[in-house]
Amino acid sequence: MSTWLLPRSELTPEQLRAIELPHTDHQVIFGAPGSGKTQVLIHRADELRRRLSLPQERFRIFVYTNALKRYIRSALDLLGLPEETVITFDDWCRHLYQRYISRSLPWDEYADQPDFHAMREAVKSLVTSGMLPVPMYDFALVDEGQDLSPVSFEVLKRIARHVTVCLDSRQQIYEHGSDEGEILAALGVRRRNLTLLDAYRCSPFVASLAAQLLEEGERAQYLRQVRTEQTERQTPLLFKAASFDEEKERLIAVLRERLLCDQRIAILFPLRRQVMGFAHALQAAGLEVESQQELDFSSHRPKLLTYHSAKGLTFDTVLLPRLVESSFRRVAEERRRRLLFVAITRATRWVYLSTVQGTELALLDALEPLLAQRILTKQERKDRPDKWPEDRPESDLDFL
């Protein structure tokens, strides 16, 4: 049974209003982190299938990542919705492509993976050609809509009689995602239909930490939305290690401490290779963890994910190691801010950040004002004990 999906009786009037929006027009719902967009979407799926008396094959919930798909599927038993109704948009395109176009997928030689852009374009041509009976669904719901490309919404409006999209443009971190204007234009909607004004997930300390990465106007607006009480006595912690080894050892110690609190924990990384490297290191230290390919959201084992894969997920504690410049090469400043904003706002109660002195991410300087406000605590090691090994170059290759 899910531990994060609330019964409909516990939702706010604003969230209930979003669930009960008409299905005669497409709906676009905007909400900050913690405003309940995913809660709304799942309950709206249940509302519409009952309202329209539909079998499961007549509707779908689309997401962008496999992690979010597994996360949502873990909650469907509360409402009796079948797992098959939740699918990534690209996986849905793959099924359609291989059934009607070619068994061989277009291939991106540079990325050494299927060419998803070419696949989406081919599926768009297919659904507009008249070769398929459309619409295929009575409704389609989209979570984290800013992650899907504009072409995806051109397809969605043709395959479904009704589309509801939940989004937050401040969390748009994928290069080929859509901004709010592109989504509205694709669906033929003049403006967003509803804004979830209040945020109930992040505690005030966590929200203030994340808000520091926003522009001043957005920062004030976001903080006014926070409706969660501060229950965690610890402030978020920034640890500056003297070496990579110390950062790793401190992460293991912090994880052990948080596991004693019986919390849902995520360890998030900028790079995919760091996920696998740290998974091996934590397992070698005797800690049971789950990485991206083996996620089970019904368990309390800590989850290791990239920032991108963590989109839409919620945890009590989030640990953010490897905040060094080498983890963000070729990433522009604005995108770095969005990535870190997304990572921090996955937490409801506490955040731990760590880096290595001399190689730290420059963006961490933006958090310094929070130290005087006692919203953030900083610890650093300036002297290395004699028992530590000799210095070695800082490199992400350590965990390959």
Side-chain angles (χ1 to χ4, degrees), residues 1-6 31-43 45 61-78 83 86-89 91 141-148 166-168 170-174 177 196 199-203 206-207 209-210 228 236 255 258-259 262-272 274-275 278-279 289-321 338-353:
M1 180 65 70
S2 165
T3 58
W4 61 267
L5 182 67
L6 297 174
S35 58
K37 296 187 297 297
T38 304
Q39 303 268 354
V40 162
L41 204 74
I42 299 176
H43 282 286
I61 300 173
F62 289 104
V63 296
Y64 188 64
T65 68
N66 283 309
L68 184 54
K69 177 189 72 176
R70 294 189 185 106
Y71 184 72
I72 292 177
R73 284 184 173 184
S74 73
L76 296 182
D77 52 1
L78 181 65
E83 289 188 354
V86 184
I87 189 170
T88 67
F89 183 79
D91 197 28
L141 309 183
V142 182
D143 199 11
E144 299 292 326
Q146 72 278 353
D147 295 340
L148 272 64
C166 287
L167 72 117
D168 179 4
R170 286 175 296 201
Q171 298 186 60
Q172 206 287 300
I173 59 175
Y174 287 98
L196 297 171
Y200 297 93
R201 181 170 71 207
C202 301
S203 70
V206 172
L209 181 65
T228 305
L255 180 56
R258 301 311 288 189
L259 283 170
D262 191 30
Q263 295 184 353
R264 292 170 297 141
I265 302 169
I267 310 173
L268 306 183
F269 299 89
L271 302 174
R272 185 178 299 177
Q274 294 168 339
V275 172
F278 273 82
V289 297
E290 297 172 2
S291 56
Q292 296 190 190
Q293 302 303 317
E294 51 194 19
L295 298 174
D296 176 8
F297 288 102
S298 65
S299 83
H300 268 51
R301 287 186 289 273
K303 310 294 189 277
L304 277 66
L305 299 150
T306 63
Y307 294 175
H308 290 83
S309 295
K311 287 291 298 297
L313 310 186
T314 301
F315 303 91
D316 298 311
T317 287
V318 167
L319 312 180
L320 303 176
R338 289 190 184 186
L339 283 167
L340 203 52
F341 177 81
V342 166
I344 291 170
T345 54
R346 300 311 92 202
T348 63
R349 299 175 64 178
W350 191 66
V351 176
Y352 169 81
L353 310 96

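In what follows, residues are counted from 1 in the order of the sequence shown.
Checked by atom type and distance alone, the side chain of Y174 pairs as donor or acceptor with a backbone atom of H308 at under 3.5 Å. A donor-acceptor pair under 3.5 Å is formed between the side chain of R346 and the backbone N or O of L313. Here the side chain of D316 pairs a donor or acceptor atom with the backbone of R264 at under 3.5 angstrom. No donor-acceptor pair closer than 3.5 Å links the side chain of K69 to the backbone N or O of T88. With hydrogens and angles disregarded, no donor-acceptor distance shorter than 3.5 Å links the side chain of R338 to the backbone of I173.
In terms of heavy-atom proximity, K311 sits nearest to Q171 at NZ-O, 2.9 Å. Closest non-hydrogen pair, E294 versus V289, comes out as OE2-O, 3.9 Å. Of all heavy-atom pairs between A343 and L268, the closest is O-CD1, 3.8 Å. Contact between A347 and C202 at its shortest, heavy atoms only, is O-SG, 3.4 Å. The two residues K303 and F315 come nearest to each other via the heavy atoms CG-CE2, 3.8 Å. When every heavy atom of D168 is checked against every heavy atom of A32, the shortest pair comes out as OD2-CA, 3.7 Å.
Between W350 and L319 there is a side-chain heavy-atom pair separated by less than 4.5 Å. Contact check for L209 versus L353: side-chain heavy atoms found under the 4.5 Å cut-off. Looking at heavy atoms from C-beta onward, I267 lies in side-chain contact with P321 at the 4.5 angstrom threshold. Side-chain contact between L304 and F278 is present, with heavy atoms from C-beta onward closer than 4.5 Å. Contact check for V206 versus T228: no side-chain heavy atoms found under the 4.5 Å cut-off.
For an aromatic pair to be called close, the ring centres must be under 6.0 Å apart, and F297 with W4 fails this.
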Check your understanding: Between L305 and F269, is a side-chain contact (heavy atoms from CB on, under 4.5 Å) present by the stated rule, with each step listed?
Key -> CA-CA 6 Å; L305 299 150; F269 299 89; over 6 Å; no
Exercise for review: Determine, stepwise, if the pair R258 / Y352 fulfils side-chain contact (heavy atoms from CB on, under 4.5 Å).
Suggested key: CA-CA 11 Å; R258 301 311 288 189; Y352 169 81; over 6 Å; no
Exercise for review: Step by step, work out the side-chain contact (heavy atoms from CB on, under 4.5 Å) result for V142 and F89.
Suggested key: CA-CA 9 Å; V142 182; F89 183 79; over 6 Å; no
Review point. Between V318 and I344, does a side-chain contact (heavy atoms from CB on, under 4.5 Å) hold up when you go through it step by step?
Key: CA-CA 7 Å; V318 167; I344 291 170; over 6 Å; no
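To the nearest 0.5 Å, the span separating OG1 on T65 from CG on D147 amounts to 7.5 Å. For the atom pair CG (L295) and OH (Y71), the distance works out to 12.0 Å, reported to the nearest 0.5 Å. Remark: R301 CZ to E290 CD distance equals 4.5 Å, nearest 0.5 Å. For the atom pair CZ (R70) and OG (S309), the distance works out to 9.5 Å, reported to the nearest 0.5 Å. In this structure, CG on L167 lies 8.0 Å from NZ on K37, to the nearest 0.5 angstrom. In this structure, the separation between CD1 on I72 and CG on L68 is 4.0 Å, given to the nearest 0.5 Å.
Residue R201 forms a side-chain hydrogen bond (donor to acceptor under 3.5 Å, both in side chains) with just one option from T348, T314, T345, and that option is T314.
Listed by chain and residue number, nothing satisfies the side chain to side chain donor-acceptor pair (under 3.5 Å) test with Q39 (two or more places apart in sequence, or in another chain).
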